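Not measured: the values here are computed from a predicted model. Within every chain, numbering begins at 1; the chains are lettered A, B, ... in the order of the sequence lines, protein sequences first and strands thereafter.
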Amino acid sequence: MLKALENISAFYANPTRFMGLASRLHGPLWALAVLLLAYGLYRVAHVPADYQQGDTVRIMFVHVPAAWMALFGYSFIFFASVTALIFRHPLGHVAARAAAPVGAVFTLLALITGSLWGQPMWGTWWVWDARLTSVLVLFFIYLGYIALWQAIDEPTRAARAAAILAIVGFINVPIVKFSVDWWNTLHQPASVSRLARPALHADFLYPLLIMGAAFLVLFLAITLTRMQMEVLRQRLRVRARAGASENA
Amino acid sequence: MTTQRRIFAAICRQHIRLSWRNGQTVLAVSFLFIAITLLPFGLGPELKLLRALAPGLLWVVLAISLLTSLERLFQADYEDGALDRLLLVPLSFEAVVLAKLLGHYVALVLPLIAAVPLAGLLLNIEAARLPILVAAMLCGAPALVMAGGIGAALAVSVRRGGLLTVLIAMPFYVPVLIFGAAAARAGLQGGVDVAVDVGAYLGVLAALSAASLLLAPFAIAAALRAALR
Amino acid sequence: MTTQRRIFAAICRQHIRLSWRNGQTVLAVSFLFIAITLLPFGLGPELKLLRALAPGLLWVVLAISLLTSLERLFQADYEDGALDRLLLVPLSFEAVVLAKLLGHYVALVLPLIAAVPLAGLLLNIEAARLPILVAAMLCGAPALVMAGGIGAALAVSVRRGGLLTVLIAMPFYVPVLIFGAAAARAGLQGGVDVAVDVGAYLGVLAALSAASLLLAPFAIAAALRAALR
Amino acid sequence: MAEIENLFSKTQHARDAQCQAEGLACRRGAALVFEDVFFHLTSGQALCVRGANGSGKSSLLRQLAGLLPLAAGALTRPNPHKHTHYLGHADGLKAALSIGETLAYEAALAGQGADHAADLTARLGLAGRDWQYVGDLSAGQKRRLTLARLLLDPRPLWLLDEPMTALDEDGRALVGALAKAHLASGGMIIAASHEPLGFANAELVLGAQI
Amino acid sequence: MAEIENLFSKTQHARDAQCQAEGLACRRGAALVFEDVFFHLTSGQALCVRGANGSGKSSLLRQLAGLLPLAAGALTRPNPHKHTHYLGHADGLKAALSIGETLAYEAALAGQGADHAADLTARLGLAGRDWQYVGDLSAGQKRRLTLARLLLDPRPLWLLDEPMTALDEDGRALVGALAKAHLASGGMIIAASHEPLGFANAELVLGAQI
Ligand code: HEM
Ligand SMILES: Nc1ncnc2c1ncn2[C@@H]1O[C@H](COP(=O)(O)OP(=O)(O)OP(=O)(O)O)[C@@H](O)[C@H]1O
Ligand SMILES: Nc1ncnc2c1ncn2[C@@H]1O[C@H](COP(=O)(O)OP(=O)(O)OP(=O)(O)O)[C@@H](O)[C@H]1O
Ligand SMILES: [Mg+2]
Ligand SMILES: [Mg+2]
């Protein structure tokens with residue numbers, strides 16, 4: 001406990017190594033994200049309209065990568081938290097905190113694009129389908145995690161509490177997923193016309209993969225920037241503290 | 001009785017006594033009845049429908065009463081200094097937490113589950129089917145208490161704590177509700193292979209409870225320690 | 001602004017700010033969503049069923065969230081001495097009570113009702129039918145607040161206060177729920193004479209609210225004065 | 001301190017104000033806490049109520065504030081709604097509000113704009129803490145905050161329950177100065193305390209006969 | 001009083017017990033409350049912590065009790081779980097329990113049967129109130145009740161936060177006698193207070209450099 005605190009103060013007093021690495025990575029990462037996104041969107045615009053779904057099929061290229069990022073984001077938070085707790089590496093707390101809102105936004109994006117897609121395809125905005133429901137629950141988990149960070153204003157206490165939640169919550173994710181799958185397959189809603197999985201041929205697959213890569217890099221770029229901001233903020237705080245005690 | 005056991009028992013008994021004395025026990029039980037009583041007014045009085053929905057509704061009402069009761073599980077102790085006191089007893093803090101959770105199970109969960117048969121009759125469940133519902137609840141409730149306890153502990157030092165508790169605990173409630181309702185439904189349908197099904201569901205619920213029982217005291221104790229100031 | 005109005009506004013604003021700051025507002029709203037999300041796990045995911053039950057379920061969930069939030073309406077102020085302070089302002093105590101009730105309506109009831117349309121979508125109510133549901137809730141909610149307030153005031157100095165609040169408020173909730181659910185159901189069926197029906201139901205709800213608004217501040221102020229010690 | 005006295009020199013309370021108890025008794029639960037209490041206070045006087053723990057000092061103050069019914073006897077006193085301040089054990093502070101918000105609220109209850117509260121933090125020894133949550137304050141800092149009421153709203157009768165509790169020397173001096181200024185401007189004070197109060201010029205001992 | 005000294009004369013705390021702080025610092029929220037605090041206490045000694053409101057006296061005691069992390073520095077101290085009593089501002093009493101129930105609970109936490117609590121009410125000056133709810137007690141009576149812990153469980157280090165608050169003369173004498181008996185039996189006391197404490201033989205002033 002004591003050591004972790006010392007670590008944190010030592011780190012914030014001199015996090016030069018991370019900041020150096022980050023400032024070198026920062027530019028290329030954003031450039032790559034923008035390039036991939038632009039190229040991906042260009043490819044998406046040139047995908048032939050689906051014989052069955054028409055142009056709405058294009059929602060897929062946002063929806064599916066967003067859903068991937070929703071899952072990736074939470075795993076990222078989990079591993080960052082474990083690193084922070086077990087290896088007492090405070091950067092893990094910073095990374096987890098920075099990633100949470102990003103992951104939550106991607107989750108929300110998956111929910112919204114899914115809903116938008118559901119309206120023309122299924123004739124309804126929302127079904128209690130297994131996959132949809134588990135994404136909704138994942139969104140709740142994100143919200144709880146973010147709320148916890150915001151609710152505690154002492155950074156060290158907030159970090160510990162949030163890490164505990166991240167780990168406990170991660171164990172919960174597969175349990176929820178499994179039980180919801182099981183729940184819904186048992187009581188399949190007959191009223192909802194379900195879309196057969198589109199067989200993804202290359203026309204669809206490559207743009208999808210490119211968009212997926214773009215979202216991944218975007219996720220990393222935003223998270224990195226947020227981490228840099230967080231470190232700077234903590235640095236300012238340390239400085240303000242030092243200044244205050246010198247003045248006194 | 002060793003000193004440690006004596007202390008464990010005292011903490012557990014204190015929690016039960018306070019729940020009773022402050023009316024939380026009676027409040028939770030009457031909350032269950034009131035929710036069940038209000039439902040027909042909201043849903044319209046079709047008895048058949050109510051009967052079909054009854055087990056699921058009872059599970060949801062149980063979960064929500066529990067969630068409401070758990071929201072302030074450690075709050076009062078944190079604010080009035082009783083938690084400080086509990087950190088200075090010659091017992092590991094995990095054991096202290098377990099004593100309180102056990103107290104909560106006895107003081108709130110058992111009375112709630114005891115009230116379920118009567119509430120079930122109000123909703124016209126066939127009496128013969130109630131034992132399965134009650135058994136499922138007994139198996140599943142520890143998981144609900146543990147999950148709510150984690151939420152309450154993480155939220156204890158926090159403005160907007162109530163929200164946090166609910167948000168944090170809710171995802172954990174999903175699997176328990178799913179399997180609990182499934183067990184109850186299977187129980188209501190009757191049949192030969194149903195017994196197998198019900199057994200499997202109860203097993204899953206018990207497994208969830210056992211797992212959370214292993215994990216939660218540590219998570220809760222760590223969260224409460226982190227909240228100290 | 002006269003001094004009295006300034007004080008009235010300050011008390012009302014203080015109540016709203018504290019509800020928000022302590023997370024009661026957000027808690028109530030998320031409680032509504034969580035209850036709505038948990039329901040399908042208990043009842044099963046069939047959309048048709050959920051859609052048919054939706055208005056009634058929403059009414060019951062609204063009533064229960066409100067009841068939960070009202071239970072401690074005056075409790076904290078009573079315990080920490082803030083109520084003493086409010087008895088020593090140059091304003092009649094009935095007005096003080098009204099200011100707090102108004103604050104509660106703004107801080108809790110309005111956000112809850114604002115959340116109803118979205119919750120309705122999750123339960124697949126047709127969007128066109130939502131306005132009637134919301135209107136019925138706006139008309140009926142003041143009665144719920146007033147009834148809960150009377151319960152909370154009578155229970156304030158009492159061990160097991162929570163139970164009392166709920167028991168006292170319950171009978172007042174039944175008529176509101178009956179007419180509220182009836183209005184929502186009528187609204188969902190559509191048709192010519194339905195408009196008349198809906199109008200009548202809304203009228204009854206508004207009348208209940210108006211009557212309770214006239215009565216409650218006096219009852220509450222008297223109950224709180226009697227609780228002093 | 002000079003500023004505080006300035007504030008009160010503007011106010012002048014009516015010289016004929018008085019506070020009188022005749023044969024007062026108090027019952028809590030089944031127990032008769034005290035009976036046959038008499039005193040008479042006029043403008044400019046301060047009464048210190050003493051007595052063992054549980055002798056009913058706090059109860060007497062609550063009766064005077066109209067917060068507890070009389071079991072017997074009669075009271076002549078200024079109107080509690082307008083002319084009395086009561087500072088009890090329970091301070092009514094809200095942990096979730098900042099000091100600034102608390103002061104603005106108190107100013108409004110005193111019928112004044114928030115600007116009146118602006119320089120109060122400094123005068124109460126809480127300078128620079130406007131944004132700190134009340135829940136994060138130390139015991140003495142909370143106590144200081146409750147004094148704001150006395151400064152914001154000049155009322156002739158002050159009822160103070162253990163006014164020196166939790167205060168450091170500076171804080172005690174502040175309370176002493178406030179009390180003296182208040183008495184000089186024609187106010188009255190009734191305070192319960194286990195410590196000597198410099199400003200009191202009369203004493204009432206509860207439970208002496210027991 | 002004689003009885004109290006009797007109780008403690010049975011206990012003898014280890015003469016080599018000690019409590020030592022080296023360069024202690026404390027952080028609350030963003031603020032550094034104090035730093036560079038040093039002291040050294042051995043068996044039989046009592047330290048009185050002084051300082052202005054908000055200087056961190058209560059925080060220091062919580063650090064010593066293991067209830068607050070150290071921002072810097074090192075502590076040598078008896079095990080908080082077994083060898084330390086902490087009486088803070090928040091007393092942890094439950095309004096809904098009676099005095100008797102509270103004492104029985106405290107006895108159990110001290111690892112003893114309820115019979116050990118039997119004569120405590122009289123010794124704490126609460127005789128005949130066994131059945132009274134703690135919520136109905138006066139401020140000083142509550143404070144007296146918290147002292148039970150010290151009598152039930154002999155632990156070498158006592159951390160007392162403003163131990164004289166709300167107590168009448170009799171109560172203060174009781175605390176003084178308890179403290180002296182404890183020190184005589186080889187215990188240690190660290191107390192924060194704004195009032196002089198007769199039993200203290202050393203002083204630590206917080207915030208002096210500011
Ligand atoms: C709010 C509603 C929805 C949510 C929350 C949601 C969620 C998800 C998630 C989490 C995935 C990723 C699964 C994985 O890769 O393991 C996914 C993939 C997908 N979704 Fe949705 N979805 C929604 C609505 C829809 C709709 C309406 C459609 C089309 C009719 C749709 C079509 C797809 C397709 C085609 C995939 C890719 C399938 C695959 O890779 O296996 N989704 N969705
Ligand atoms: N319901 C009750 N039943 C019996 N006695 C009660 C009840 N409520 C309060 N009392 C007693 O009434 C007395 C009221 O004490 P009060 O708080 O006025 O004392 P006080 O003089 O302020 O004491 P202190 O110096 O400790 O602050 C106490 O002795 C208390 O035990
Ligand atoms: N979250 C926070 N942010 C900033 N300052 C804080 C926070 N929490 C506590 N403090 C400050 O830390 C200090 C802690 O005070 P502590 O309670 O230890 O003081 P104390 O010496 O016991 O004072 P008192 O004599 O009033 O009891 C106070 O100045 C308080 O305002
Ligand atoms: Mg008193
Ligand atoms: Mg202190």
Side-chain angles (χ1 to χ4, degrees), chain C residues 1-27 72-97 99-100 103 107 156-159 221-229, chain D residues 26-29 31 33 58-59 61-69 71 78-98 100-114 116-117 133-135 142 146 148-149 152-153 155 157-159 161:
Chain C
M1 196 154 61
T2 67
T3 300
Q4 299 217 327
R5 263 195 237 149
R6 197 194 287 270
I7 295 176
F8 186 93
I11 295 172
C12 185
R13 227 179 311 117
Q14 169 94 337
H15 192 94
I16 297 171
R17 176 177 282 154
L18 278 172
S19 296
W20 180 254
R21 199 65 67 76
N22 289 331
Q24 278 144 13
T25 303
V26 196
L27 175 64
R72 288 181 60 81
L73 180 58
F74 301 107
Q75 197 64 39
D77 283 348
Y78 178 77
E79 279 164 11
D80 72 9
L83 211 57
D84 297 343
R85 176 80 188 90
L86 290 176
L87 275 151
L88 298 179
V89 295
L91 196 62
S92 82
F93 194 48
E94 284 75 16
V96 170
V97 165
K100 283 192 87 74
V156 82
S157 70
V158 171
R159 268 173 279 283
L224 288 179
R225 272 210 211 88
L228 284 176
R229 52 174 184 161
Chain D
C26 171
R27 174 155 300 161
R28 314 269 336 224
V33 180
S58 302
S59 308
L61 293 186
R62 289 184 69 79
Q63 288 185 325
L64 288 168
L67 298 172
L68 199 65
N79 179 347
H81 289 289
K82 291 190 185 142
H83 301 312
T84 306
H85 275 306
Y86 166 73
L87 298 191
H89 288 306
D91 52 24
L93 294 176
K94 300 297 181 180
L97 297 184
S98 71
E101 288 167 334
T102 306
L103 290 176
Y105 176 60
E106 281 297 340
L109 289 193
Q112 302 181 336
H116 276 255
Y133 285 111
V134 171
K142 270 186 207 148
T146 61
R149 220 173 280 178
L152 278 166
D153 191 4
R155 295 183 170 196
L157 176 62
W158 290 3
L159 304 170
D161 203 351

Under 4.5 Å from a heavy atom of chain C, the part of Leu93(D) involved: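 Looking at Leu93(D), just its backbone touches chain C.
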Residue Gln63(D) versus chain C: region with a heavy atom under 4.5 Å: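 Neither the backbone nor the side chain of Gln63(D) comes within 4.5 Å of chain C.
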Under a 4.0 Å threshold between the charged nitrogen and the carboxylate oxygen, would Lys94(D) count as salt-bridged to Asp80(C)?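 Result for this pair is yes, salt bridge flagged.
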Charged N-O contact under 4.0 Å between Glu94(C) and Arg225(C):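 Judged by the 4.0 Å cut-off on N to carboxylate O distance, Glu94(C) and Arg225(C) do form a salt bridge.
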Region of [X] in contact with chain D, defined by heavy-atom distances below 4.5 Å:
{"X": "Gln4(C)", "value": "neither"}
{"X": "Arg17(C)", "value": "side chain"}
{"X": "Ile11(C)", "value": "both"}
{"X": "Leu87(C)", "value": "both"}

Decide whether Ser58(D) and Asp161(D) meet the rule of one side-chain donor and one side-chain acceptor closer than 3.5 Å.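 Yes, because at least one side-chain N or O of Ser58(D) sits under 3.5 Å from a partner of the opposite role on Asp161(D).
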Compare all side-chain heavy atoms of Gln24(C) with those of Leu73(C) and state whether any distance is below 4.5 angstrom.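 Answer no - side chains too far apart.
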Winner by heavy-atom pair count (cut-off under 4.5 Å) against chain C, out of Arg155(D), His85(D), His89(D):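 Among Arg155(D), His85(D), His89(D), the one with the most close pairs to chain C is Arg155(D).
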My understanding is that only residues two or more places apart in sequence, or in another chain, count here; which of them pass side-chain contact (heavy atoms from CB on, under 4.5 Å) with Ile16(C)?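 Listed in chain order: Cys12(C), Val106(C), Ala107(C).
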Minimal non-hydrogen separation, Val89(C) against His81(D), with atom names: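 Closest approach of Val89(C) to His81(D), heavy atoms only: O-ND1, 3.2 Å.
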